[in-house]
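No hydrogens, no waters, no symmetry mates; every other heavy atom, side chains included, goes into these values. In what follows, residues are counted from 1 in the order of the sequence shown.
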Amino acid sequence: MINTEGTIIKALSGFYYVKSGDETIRCKARGRFRMGKISPLVGDNVIFTVNDDGSGTVDEIRPRTNEFIRPPVANIDCMVIIAANVIPVTVPFLIDRIATLAAYNNCEPVVCINKSDLDPGDNLFDMYTKAGLKTIRTSAVTGEGIEELKEVLKGKLAAFTGNSGVGKSSILNAIDPSFDIRVGEVSDKLGRGRHTTRHVEIYELPWGGRIADTPGFAFFDTEMMNMRDEKRLQYLFPEFEPYLGLCRFDDCAHVKERGCAVLEALQKGHIQDSRHKSYVELYNQAKEIKDWMK
């Protein structure tokens with residue numbers, strides 16, 4: 001038996017497919033993980049044993065930079081938030097919530113405004129560009145922004161998320177046609193897409209980088225990603241940064257306090273109203289989480 005290192009690239013039916021070099025070994029996890037209520041996740045860097053019959057056993061999980069519950073995936077470097085300004089229209093608060101939660105979990109948030117051939121989404125593009133987030137317009141039809149997005153993904157493990165029907169599968173296919181991911185139809189009535197993925201799997205990109213394709217409607221369960229530290233939230237809005245530390249009170253929440261530099265910037269138009277409203281809503285949600293729950 002040989003001990004070696006690798007990365008879990010797929011989890012399916014109780015098996016973990018670990019890639020090490022050019023080989024992928026189908027592994028089971030040690031019983032002690034189950035006893036310790038620890039589950040290996042796609043994206044985990046692990047130490048595993050190759051058995052005499054060619055199968056493998058996951059022995060150890062290396063420390064994670066982050067982890068998510070739904071979908072179950074770990075060590076994501078970049079969260080690409082797919083949005084659109086045409087059916088289905090993406091609500092800015094959804095983008096703001098995912099972007100801040102990504103940053104909270106040490107992921108780089110990237111806003112991808114898709115279907116630009118139908119609607120360029122100028123309002124969303126301006127909003128997030130001014131907010132300091134990496135923002136790209138894309139179209140799987142015209143190819144706009146695809147090369148720019150590929151450059152952003154190079155050398156990273158990225159996950160894509162967004163409301164259903166915004167074109168995640170189409171963008172993945174445009175990035176690399178070898179994905180050949182089937183694109184679900186979009187209901188005219190509901191504006192929803194039916195994504196066909198049923199498990200998490202990491203795809204290798206021929207030009208460098210990896211993508212974790214996720215199940216369901218390609219939407220990270222934000223209820224399972226609750227912000228638990230309202231005081232840290234201010235640092236996750238890049239446009240707040242120039243004004244932090246300039247408020248009258250050191251413990252300023254930037255919600256309604258007098259002498260707040262962030263609120264003064266908001267009044268002067270340096271911070272957009274929609275973004276600040278999202279901040280306040282997220283702040284109040286985080287504040288409601290009791291200390292014992294944290």
Side-chain angles (χ1 to χ4, degrees), residues 1-34 38-51 53-80 82 102 105-108 110 149-150 152-162 168-169 171-183 195-221 224-225:
M1 295 189 294
I2 303 172
N3 290 331
T4 188
E5 295 191 30
T7 302
I8 298 176
I9 62 169
K10 182 169 68 173
L12 188 63
S13 302
F15 289 97
Y16 301 95
Y17 294 78
V18 180
K19 184 174 178 61
S20 180
D22 295 328
E23 290 188 288
T24 299
I25 311 297
R26 191 173 79 157
C27 301
K28 295 287 284 187
R30 291 282 183 198
R32 64 171 177 266
F33 291 120
R34 185 170 57 254
I38 299 172
S39 295
L41 300 176
V42 171
D44 271 334
N45 299 310
V46 299
I47 295 177
F48 68 103
T49 300
V50 180
N51 303 315
D53 62 0
S55 66
T57 305
V58 176
D59 301 312
E60 181 183 341
I61 300 172
R62 292 296 197 187
R64 297 164 174 163
T65 57
N66 53 49
E67 62 182 274
F68 300 95
I69 299 173
R70 288 203 298 261
V73 63
N75 299 319
I76 297 297
D77 301 309
C78 177
M79 186 81 72
V80 181
I82 307 291
N105 286 281
N106 301 312
C107 289
E108 175 193 6
V110 175
L149 181 57
K150 287 167 67 173
V152 169
L153 300 178
K154 189 175 293 184
K156 300 172 183 174
L157 174 56
F160 282 52
T161 185
K168 169 181 172 283
S169 295
I171 288 297
L172 287 176
N173 287 334
I175 289 172
D176 185 353
S178 67
F179 285 148
D180 194 26
I181 300 170
R182 288 180 295 145
V183 181
H195 187 60
T196 61
T197 307
R198 290 294 176 266
H199 61 271
V200 181
E201 184 169 355
I202 292 176
Y203 291 84
E204 297 280 344
L205 301 170
W207 33 266
R210 299 169 296 160
I211 291 177
D213 194 27
T214 54
F217 291 116
F219 185 69
F220 273 69
D221 189 343
M224 303 300 291
M225 296 165 61

- Item | Identified side-chain contact (heavy atoms from CB on, under 4.5 Å) partner of Val18 from the options Val46, Thr4, Ile9 | Val46
- Task: Calculate, to the nearest 0.5 Å, the distance between atoms CD1 and CG belonging to Ile175 and Leu205 respectively.
- Result: 7.0 Å
- Between Leu157 and Gly43, which heavy-atom pair has the shortest distance, and what is it? CD2-CA, 4.3 Å
- Gap separating the CD1 atom of Ile38 from the CZ atom of Arg32, nearest 0.5 angstrom: 9.5 Å
- Message: What's the separation between atom CZ in Arg210 and atom CD1 in Ile202, rounded to the nearest 0.5 Å?
- Response: 5.0 Å
- Note on the structure: Between Cys107 and Ile76 the two heavy atoms that sit nearest each other are SG-O, 3.1 Å
- Please examine the side chains of Ile8 and Leu41, heavy atoms only from C-beta on, and report whether any two atoms are closer than 4.5 Å. no
- Quick one: does Thr65's side chain get under 4.5 Å of Asn75's, heavy atoms only? yes
- Where is the tightest heavy-atom contact between Val58 and Cys27, given as atom of each residue plus distance? CG2-CB, 3.9 Å
- Message: Testing the basics here: between Ala11 and Val42, what is the closest heavy-atom pair and its distance to 0.1 Å?
- Response: N-CG2, 3.5 Å
- Note on the structure: Smallest heavy-atom separation, Ala212 atom then Val73 atom, equals CB-CG2, 4.2 Å
- Taking the side chain as every heavy atom from C-beta outward, state whether Pro40 and Phe48 have any pair of such atoms under 4.5 Å apart. no
- Does any pair with a residue in residues 7-25 pass side-chain hydrogen bond (donor to acceptor under 3.5 Å, both in side chains), and if so which ones, sequence neighbours excluded? Thr7-Asn45
- Could you check if a side-chain atom of Val80 sits within less than 4.5 angstrom of a side-chain atom of Ile211, using non-hydrogen atoms only? no
- Any donor-acceptor pair under 3.5 Å from Asn51 side chain to Asp53 backbone: no
- Item | Which residues share a salt bridge (Lys or Arg N to Asp or Glu O under 4.0 Å) with Lys156, sequence neighbours left out | Glu108
- Message: Enumerate the salt bridge (charged side-chain N to carboxylate O under 4.0 Å, His left out) contacts for residues 55-66, please, sequence neighbours excluded, ordered by first and then second residue.
- Response: Glu5-Arg62, Arg30-Asp59, Asp44-Arg64, Glu60-Arg62, Arg64-Glu67
- Task: Check whether any side-chain heavy atom of Tyr203 sits under 4.5 Å from a side-chain heavy atom of Leu172, and report yes or no.
- Result: no
- Considering all heavy atoms of both residues, which atom of Ile25 and which atom of Gly54 are nearest to each other, and what is their separation? CG2-O, 3.6 Å
